[in-house]
Amino acid sequence: MATAERRWIGKDIPRLEDPKLLAGRATYTDDVKLPGMLHTAVLRSPHPHARIARIDTSRARALPGVFAVVTGEDAKEMTNPLPAFCAEPVVQYCLAVEKVRFAGEAVAAVAAVDRYTAEDAVALIDVEYELLPVVTDPFEAMKPSTAKLHDPLPSNLAFEKTLSFGDVADDFAAADRVIRRKLRWHRASAQPLETAGAVCRYDPISQKMDVWSNTNMINYVGWLIANTLKVPAGRLNIYPMYVGGSFGSKHVLGKVIGIAGMLAKRSGRPVKFMEDRVDNLIASENLACDRFYDVELAVTKDGVFKSIRVKVVDDYGAYFQFGHGTHGNALAQVTGPYRMGSFEYTVQCVLTNKCQQGVFRGAGSDAGNFCLERLVDAAAQELGIDRVEIRRRNFIAPDRFPFKTPCGNVYDSGNYPAVLDRALEMSGFAELKRMQAEARAQGRYVGIGLATAQQRSVYGPTEFWFWYDSPGLTAAPESVGLSLGPTGEFVVTMFSPFWGNSPETVVAQTIGEEFGIDPAQVTVTYEDSQHALPGAGPGGSRMTVMLTGAAAGASRKLKDKLSKIAAHQFEAAPEDIVFADGRAMVRGLPDKSMSYGDLGLKAYWFKLDLPAGMESGLEARHTYDHPYLTKPSADRKDLGAFYPIMAHGAHIPVVEVEPETGRVRFLRYVAVHDVGTIVNPKSLRGQITGGITQGIGMALYEQSVYDADGQPLTASFMDYLLPTAQEVPRFEVGHVETPSPFTEYGVKGGGEGGRMIAPAAIASAIEDALAPFGVRVDEVPLTPERIVKLVEAAGR
Amino acid sequence: MKPPRFDYLAPRTLDETLAHLHDHGDQAKILAGGQSLIPMLNFRLAHPGVVVDVNRLTELAYVRQHDGGVAVGALTRQHAVERSELIRARVPVVAEACRFIGHAPIRHRGTFGGNLAHADPASELPAVMVALEAEMAVASRAGSRAVPAGQFFTGPLTTALRPGEMLTEIRIPAPPSRTGGAFVEMARRAGDFALVGVAALITFDGAGKCERVRIALCGVGPTPIRARAAEDALTGQAPTATALAAAADRAAAATSPPSDVHGSAEFRKKLARHFARQAIAAAVERSGGR
Amino acid sequence: MPTTIAIGLNVNGIRHELNVEPRWLLVDVIREQIGLTGTHIGCEHGVCGTCTVLVNGETARSCLMLAASADGAEITTVEGLSSGERLHPLQAAFREAQGLQCGFCTPGMLMVAHELLRENPSPSEAEIRESISANLCRCTGYQGIVDAVQLAASSQAGAPAAR
């Protein structure tokens, strides 16, 4: 498919965000300083499950420098429960009310002149707990007889449902073989280098609450935050901040905002609460899927995949903030890039005494890809079919798009064979196998992994509720403002925060493309929530699509007006005006042109030169809605299109494994991604290498561990292990571009793909390396000890 | 994560320091490089009444010849020890071990003596000092004494230092000629605490036999483990694969490793065997005196 | 009133006379009392390196130093690299190679890279990775950072300072 000749979209331009980030001059939440601002420390429960019998804060209050101390009793009075995307009555306040449900849950908070003093005060708070039985095993937890975390629920099994699409029973009955695996995907944590935080300033006379926070969704569910804070929604103002990474962990920061907000009200001064690293590790909403899978793939003897059944138990921890949303997410691509006609998905969401899950890059589709690709490798092995060939045999062919999956989600476009071919070519697959054989002869365990998997982008909000019977939200927009000033300068206004993706650059490249100007000349600014347009903000790999859409839409509005002004000037028709090289001109008549500066001056200062009835000024605002979202059917046999902008990737990692020590070393890592039209190649490559690195973390290093007594064992960076530059290889990244028919310029989202595909590929590589032992890899992360145990168990 | 309040003293001389330590007894905590103490303060795991900051005691930062070996002032930064020509010439295994301590920024501040006095069971230097049979010079207002490395480390984060005492110098004897030394380690990531580390020094007798063997391990017990049974097994033997394996078995048997999220005790024992073998083999290869 | 002591810190060439509590960490004094917020806090136990500054020319984790210990020291923070509008050549290389995304680890990375290139003007990729493995980055996967340091090394070798 030919790609259009574009001047700026698809070019490597330096990012607009970078100079101030490099100079250390960007304002992150902890950089905010207000006169009289106080600092917060939080007292956390040492017990995983207990009633709070008594809290004595008198000694803390008496400490010089302390201005306010609040507890759960105050939270119950001063705040409403935190926003939650679930329908179940799982109630959470920013401070534990009456009982604590995980070790690390916040019990009290202090605002003092500095963080040092606040921590001194926290040490002076006395709490009496009445211990309750600790529930950590989700299979025990779900039994009706087990102690309940939340009294209003019938049990800790918060949600349970099966959704079935197509003729699952028939497809399984007709299969020649059923491949079955039990798989374990452990709890990990997003752990951006910047923790969650908020500065709140409250004016009791006007009831206005100003919030500076690295939270997201400020123009999507800001009103829910207002409800939590008990301020009128119109009087809550949230400033989008520069954010030091999120990866899904900073969507709705009700806890930090709630705590800072309460203390601001109570103390009468602005209050900052920045989580420290321990807070973020044990108590933030950044933990991810903790799943036990029992999965089956129905195949013919020729290796054709007919159907898949997924049964999953997910340990959500003590609260249910995003509900079962990550399973809605997974439904977007349960059948992967393959042609299956049916599938069944059974989920059991269980609550236990651990910190709750949030969403972490991949948001459930990462675990889903892992399951599917493990089954595909297993099918290849059991049927004696080459694993590359079996994938080819089942790929949805390039001419079958848009493709409707069994559940109703649509894949907009794709060319899976081309991506696989490119990966094989880049890796020199045949040569790799030769090298592997040589290595094996030398007693070295080299493995070649393969995963071909989907990376859905641009979430549809129906995924949060189509598991329920009653309907819910159907909007997930993004907006920008665009103005062309009297000196010809373009200014873009953004309403959602910067997460480390490249929103300013993407928007500037779009404006550059639309108007024929150098993107470096575009000025980008951010607006607070009281002055903003709707937008859900970053997440779900949506921003590139949504911002190009919003910016293109705003550009079209502005160009419409500019065309009329220029046409009026030159006595031409508006449709004959074209925009290029910093000017608007009559097509074919270069003498009849005006610079943007001329146009700007005219529009703002020379009203009488404008067409009759035209307002002066050059401003456009555009809200871009999800480009392709449809409602689920009432019977839920068709979930509609909810994640149709479908990117895809193939990864081929090459590893060497040391069976005696369990150490894994990367020899190579090839990744080919198809994310539609690429906007900024270096930016995309950065998202991919960063995502794969997090995938390496998931595959080998990262686990949030709780012991049987509910104590968190990975409460520092010495125990929760993020990969360093020495744990990851140089990545060889390739691209295929299959544009989307539904988006501006055909872009798709590529932010999560690395992490969504790498764990499956690395598991494949390690299994391949240890094939001489007959090892099966069914679990991530594969720590050295787990690998050694796999080798020993296989040997018996 | 901010430190609790403490009184602070910043002496300029050793005598001043020893006077403070005498005055404040077990309330005093020495702050040298801070790479171990300050995290503990930030976590509020330590609550010293008085912090005695010894960073101005430049008189205790040196690497000098001593009796054919090397004397290292306790407040020499690890980075300086790692880069010291003298160390590399006489006891290169010390420089090799230093490179495993965290990362360069940590070694710029962390001190040689501070690391030893902190006595983390996973730390490399204590095991290396035990293998080298170094001597710890300890000073107090009352005088000074020398403690052999083998008696210096008494438990996790515990040494033979008494209240009022400070480690001032570490005297490392040069190993005999025809000695090869090696330090190997496995950690979860580059720069992390060792799951297991092994220091091995093998001296040959000129006729292909191991005349003198010293093996010490870190990360696999409450203190560095001197693997004497392993040493005995290899002494007087030719370094065949069988002999190395047997020594490694005995080294592993001497360990009593902890269990934590990074590895169970059982796993660490297996690693101890694997890396003891590797360290011994490397030391043999480097001895050059066969 | 808590006891404070008088210290002097020379930060990016400017001398500051301060009264600090002995327990105050150097990173907090840099960010709060001196007001330079380019140096960031990521873990406060010496693992992530986002707080890295130069102390007397050497990289050090400022979350693991008491400001009091740094009395009399010369400290360089990221703000001391750029000068007015001009980015330091190393910063320019990071920009060119896109060695950053969210920017939070970047100041610390710059200090480590700066020291590396001063000591080893032509580092291999392995040497670069060893040096920067002292600092965590959660966004880039390190490749852009390695590219940036290589670019800075080769620019340093011949060309005049890039803008």
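It should be emphasised that the depicted structure is a prediction, and the values quoted were computed from it without experimental measurement. Throughout, protein chains are lettered first and strands after them, A, B, ... in sequence-line order, and every chain is numbered starting at 1.
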Subject >> Point-to-point distance, once rounded to the nearest 0.5 Å, from CG of C:L64 to CG of B:L37 >> reply: 10.0 Å

Subject >> Smallest separation among heavy atoms of B:H103 and C:S133, with atom names >> reply: CE1-O, 3.1 Å

Original post:
Closest approach of C:L25 and B:M1, non-hydrogen atoms and distance?
Top reply: CD1-O, 4.4 Å

Subject >> Side-chain (B:H108) to main-chain (C:E58) donor-acceptor, under 3.5 angstrom >> reply: no

**OP:** Return the option, out of B:Q35, B:R107, B:R5, B:K2, with the maximum number of heavy-atom pairs under 4.5 Å with chain C.
**Re:** B:R5

Subject >> C:I5, part contacting chain B, at a heavy-atom distance under 4.5 Å >> reply: side chain

Original post:
Side chain, backbone, both or neither: which part of C:D28 has an atom under 4.5 Å from a heavy atom of chain B?
Top reply: side chain

**OP:** Would you indicate whether B:E85, at its atom CD, is surrounded by more than 12 heavy atoms from other residues, nucleotides or ligands within a distance under 6.0 Å?
**Re:** no

Original post:
Which heavy atom in B:P3 sits nearest to a heavy atom in C:R23, and how many Å separate them?
Top reply: O-NH1, 2.9 Å

Original post:
Is chain B contacted by the side chain of C:S69, its backbone, both, or neither, given a heavy-atom distance below 4.5 Å?
Top reply: both

Subject >> Part of B:R99 lying under 4.5 Å from any heavy atom of chain C >> reply: side chain

**OP:** Could you check which of C:E44, C:R61, C:H45 has the highest count of heavy-atom pairs closer than 4.5 Å to chain B?
**Re:** C:E44

Subject >> Top of C:A68, C:A60, C:G72 for chain B proximity - count of heavy-atom pairs under 4.5 angstrom >> reply: C:A68

Original post:
Are any of the side-chain heavy atoms of B:R189 and C:L136 separated by less than 4.5 Å?
Top reply: yes

Subject >> Approximate separation, where rounding is to 0.5 Å, of C:L66 CG and B:I38 CD1 >> reply: 4.0 Å

